[in-house]
Amino acid sequence: MSNKFISIGVIYFVSVVLVFGQLKATNEAVFSKKYTYETLSTYQKQLFEDFLVNEIPTGKKVADVLTNRTSLRSKTRLAEALLFRNFMGDKEKAAEILTWILKNQYRDENTKIYGIWKTSIEDDKFDQNWREFIGCDLIIIRQKYRHLLPTEIQKEIEIGLVHAARGALKRNVAPDYTNISIMSAFLMEYVGTEFKMDELRTAGLQKARDIFKLYQTHKTFSEYNSPTYYGVTLIALAFWRELAFSPEIKQMGQTLEAEFWHEAATFYNPNLKNMPGPHFRGYGMDMRKYFSILGIWIAIAVDDEKQAPIPATNGPKYGEMSNLAPIFNLGLAIPKADLAALKTFTSSRFISRTVPNKYTGDSLKQVTAMIHKDWMMGGVWGIRRVWGQIKTGALHWKADDGDIGWLLVPGDGKTNVQVTKTAMKVYSAGPQTTRLELYVYAQGTTSDSFLEKPWKLSGMTLNVETSLKIMSSEKMDTTLFQKEQAVAETYAQIFKVVFEIPALWASAKPLIEIIPKK
């Protein structure tokens with residue numbers, strides 16, 4: 001054997017030893033929890049039972065809730081939850097639901113929607129992501145509970161999974177479509193391996209490698225800082241960790257899951273029970289007032305209603321509680337230090353990230369954020385996409401009454417936001433920007449609150465440095481605000497403050513500089 005091959009062999013051996021040594025060290029520092037219905041805590045069991053009652057109200061039969069307008073995704077997870085609990089009659093109810101789900105898949109290979117399930121029977125959205133959402137939940141059901149189901153349902157699940165995986169291969173989502181691409185890689189690898197379809201298995205493994213490689217470029221996912229989709233991403237990585245056949249995918253899943261939990265914990269403020277801005281995709285401004293999927297993960301992890309960043313009762317986007325089913329079935333794996341950071345605020349910190357993202361604008365978006373115990377702020381530079389889900393900048397603080405006040409720089413594509421340790425600076429994104437719009441929520445605020453400097457709001461004083469003239473400051477219609485800015489929760493009063501931007505404004509000069517003083 002040549003020295004060249006001996007050297008390569010030694011290098012490979014050392015690399016393997018180092019990787020597995022790192023994994024062992026990581027695993028020793030990870031809190032892992034497998035769940036059964038019997039081992040759920042009182043709080044976790046209450047969340048779970050509340051979800052089941054919401055899905056099948058007392059006195060109702062399964063047939064009563066399988067309506068033409070109900071979500072097939074949530075009902076798939078209802079079946080999964082019933083099998084997880086497995087009380088008397090639960091497996092029969094699950095079988096009835098699954099029979100209904102499985103006959104509502106599109107199986108024509110010549111169509112764009114090949115392999116998806118209907119979002120609902122009526123008003124079907126033809127959402128291509130339903131391949132991954134429903135398909136991955138069906139894999140949990142097949143893997144863990146097929147012994148509880150009739151043979152014909154087991155066969156239909158397998159047929160449905162093959163169609164879904166082949167449809168996913170045909171669609172071939174890019175690795176930067178974070179939550180769907182991770183699930184798609186798992187779906188194809190699982191189906192390809194289990195049913196000996198090498199093209200699917202190979203495609204799934206390659207997609208997983210591409211996702212891992214993209215993450216490693218900047219240690220971030222492209223769908224950045226989303227309280228909802230971060231939760232989906234954690235579920236998707238848990239699929240890799242628990243149910244992937246490939247040892248390589250399992251290893252990548254464990255690595256990504258640990259690193260991603262650390263990123264989430266670094267950005268999370270347990271005192272405010274919120275993530276700072278910016279949000280590349282966000283459905284609310286206060287996690288305590290609507291159900292986000294990351295909020296559900298954190299509620300399960302901290303296992304304490306008082307520390308949980310979700311509403312105490314049914315509230316906006318409650319349907320996301322269906323994610324309890326895959327979370328409990330896949331289990332929790334989080335670094336112990338990050339679990340502690342979800343419970344207790346550690347220290348003030350300034351954060352800077354570079355995010356590879358293909359939204360209109362820069363190919364690399366620059367994120368900056370400052371987190372203190374009682375207030376925090378963050379922003380992004382480089383997004384030109386106009387979308388309500390984008391929160392270009394946000395400032396949160398604890399109000400005098402314990403509520404969370406906030407200021408929002410909307411995702412209208414007209415601004416860039418840069419945060420320093422002491423200030424939020426908002427810049428014009430181009431000469432076409434003629435006005436700057438900000439949204440503010442704070443109890444006791446009036447239109448006159450913004451006419452004088454500084455802005456004295458409940459629990460926060462904002463020193464506002466700008467030469468711009470205020471065109472208007474007025475209370476917004478809450479419903480219009482929710483629709484335009486993709487905010488799920490309802491507020492008694494939101495104020496919209498509009499500034500006029502003069503022509504030929506120098507792009508290097510901030511439009512406004514906001515300096516919080518708590």
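Computed from a predicted structure; not experimentally measured.
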Atom CD1 of I404 and atom CG of L272: how far apart are they, to the nearest 0.5 Å? 4.5 Å

N416 and K425 side chains, donor-acceptor separation under 3.5 Å: no

Under 3.5 Å, is there a donor-acceptor pair linking the side chains of D338 and H262? yes

Quick one: does P309's side chain get under 4.5 Å of Y268's, heavy atoms only? yes

Hey, what do you get for CZ (F133) to CD1 (I180), rounding to the nearest 0.5 Å? 4.0 Å

Kindly compute the distance separating CG (L395) from CE (M377), expressed to the nearest 0.5 Å. 6.5 Å

Flag for R73-N129: side-chain donor and acceptor within less than 3.5 Å: no

Within 6.0 angstrom of K358 NZ, more than 12 heavy atoms from elsewhere: no

Side-chain contact, heavy-atom cut-off 4.5 Å: W381 with V419? no

Taking the ring centre of each residue, are Y491 and F481 less than 6.0 Å apart? no

Are the ring centres of F221 and Y215 closer than 6.0 Å? yes

Inter-residue atom distance I134.CD1 - I157.CD1, 0.5 Å rounding: 12.0 Å

Is K250 salt-bridged to E242, going by a charged N under 4.0 Å from an acidic O? no

Pairs involving residues 223-234, ordered by first then second residue, that meet salt bridge (charged side-chain N to carboxylate O under 4.0 Å, His left out) (sequence neighbours left out): E223-R281

In short, I293 meets E320 closest at the heavy-atom pair CD1-OE1, 3.5 Å

So do the side chains of T228 and L294 get within less than 4.5 Å of each other, counting heavy atoms only? no

Which pair of non-hydrogen atoms, one from E489 and one from M285, has the smallest distance, and what is that distance? OE2-N, 2.8 Å

Parallel, tilted or perpendicular: which one describes the rings of Y283 and Y229, with boundaries at 30° and 60°? tilted

Can you confirm whether K112 is buried at NZ, in the sense that more than 12 heavy atoms of other residues, nucleotides or ligands lie under 6.0 Å from that atom? no

Is the shortest heavy-atom distance from the side chain of E158 to the side chain of V162 under 4.5 Å? no

Criterion side chain to side chain contact (heavy atoms under 4.5 Å, CB included) on F48 and M321, from CA distance to verdict: CA-CA 8 Å; F48 187 80; M321 290 297 278; over 6 Å; no

Any side-chain donor paired with an acceptor under 3.5 Å for K75 and T70? yes

Against F245, only a single residue in Y190, F195, F239 fulfils ring pair (Phe, Tyr, Trp, His ring centres under 6.0 Å); can you say which? Y190

Sorted by chain and number, sequence neighbours left out, side chain to side chain donor-acceptor pair (under 3.5 Å) with D412 holds for none

Do T119 and D124 have a side chain donor and acceptor closer than 3.5 Å? yes

Residue pairs, two or more places apart or on separate chains, that pass salt bridge (charged side-chain N to carboxylate O under 4.0 Å, His left out) and touch residues 208-221: R209-E248, K219-E259

Pair R288-D403, side chain to side chain contact (heavy atoms under 4.5 Å, CB included): steps then yes or no: CA-CA 10 Å; R288 306 169 315 137; D403 195 9; 2.9 Å; yes

Steps toward side chain to side chain contact (heavy atoms under 4.5 Å, CB included) verdict (T433, W505): CA-CA 9 Å; T433 306; W505 183 273; over 6 Å; no

Report yes if some heavy atom in the side chain of I211 is under 4.5 Å from a heavy atom in the side chain of T178; otherwise report no. no

Can you find a pair of side-chain heavy atoms, one from T466 and one from L511, that are under 4.5 Å apart? no

E109 and K170 ion-paired at < 4.0 Å: no

Once the angle between the rings of Y359 and W387 is folded into 0 to 90°, is it parallel (under 30°), tilted (30 to 60°) or perpendicular (over 60°)? perpendicular

Side chains of H372 and S348 only: does a donor on one sit below 3.5 Å from an acceptor on the other? yes

Can you list the steps and then say if Q482 with T490 is a side-chain hydrogen bond (donor to acceptor under 3.5 Å, both in side chains)? CA-CA 7 Å; Q482 289 177 293; T490 301; 3.2 Å; yes

Check against salt bridge (charged side-chain N to carboxylate O under 4.0 Å, His left out), R77 and D137: CA-CA 7 Å; R77 290 173 178 164; D137 282 304; 3.0 Å; yes

Do N357 and D176 have a side chain donor and acceptor closer than 3.5 Å? no

Using the six-membered ring wherever Trp is involved, compare the ring planes of W406 and Y441 and label them parallel, tilted or perpendicular (cut-offs 30° and 60°). tilted

Which residue in the set W297, F51, Y35 passes ring pair (Phe, Tyr, Trp, His ring centres under 6.0 Å) when paired with F328? Y35

Between the side chains of D198 and K196, is the shortest nitrogen-to-carboxylate-oxygen separation below 4.0 Å, so that they form an ion pair? no

For Q105 and Y114, test the side chains for any donor-to-acceptor distance below 3.5 angstrom and give the result as yes or no. no

How many angstroms lie between atom CD1 of I249 and atom CD of Q254, to the nearest 0.5 angstrom? 12.5 Å

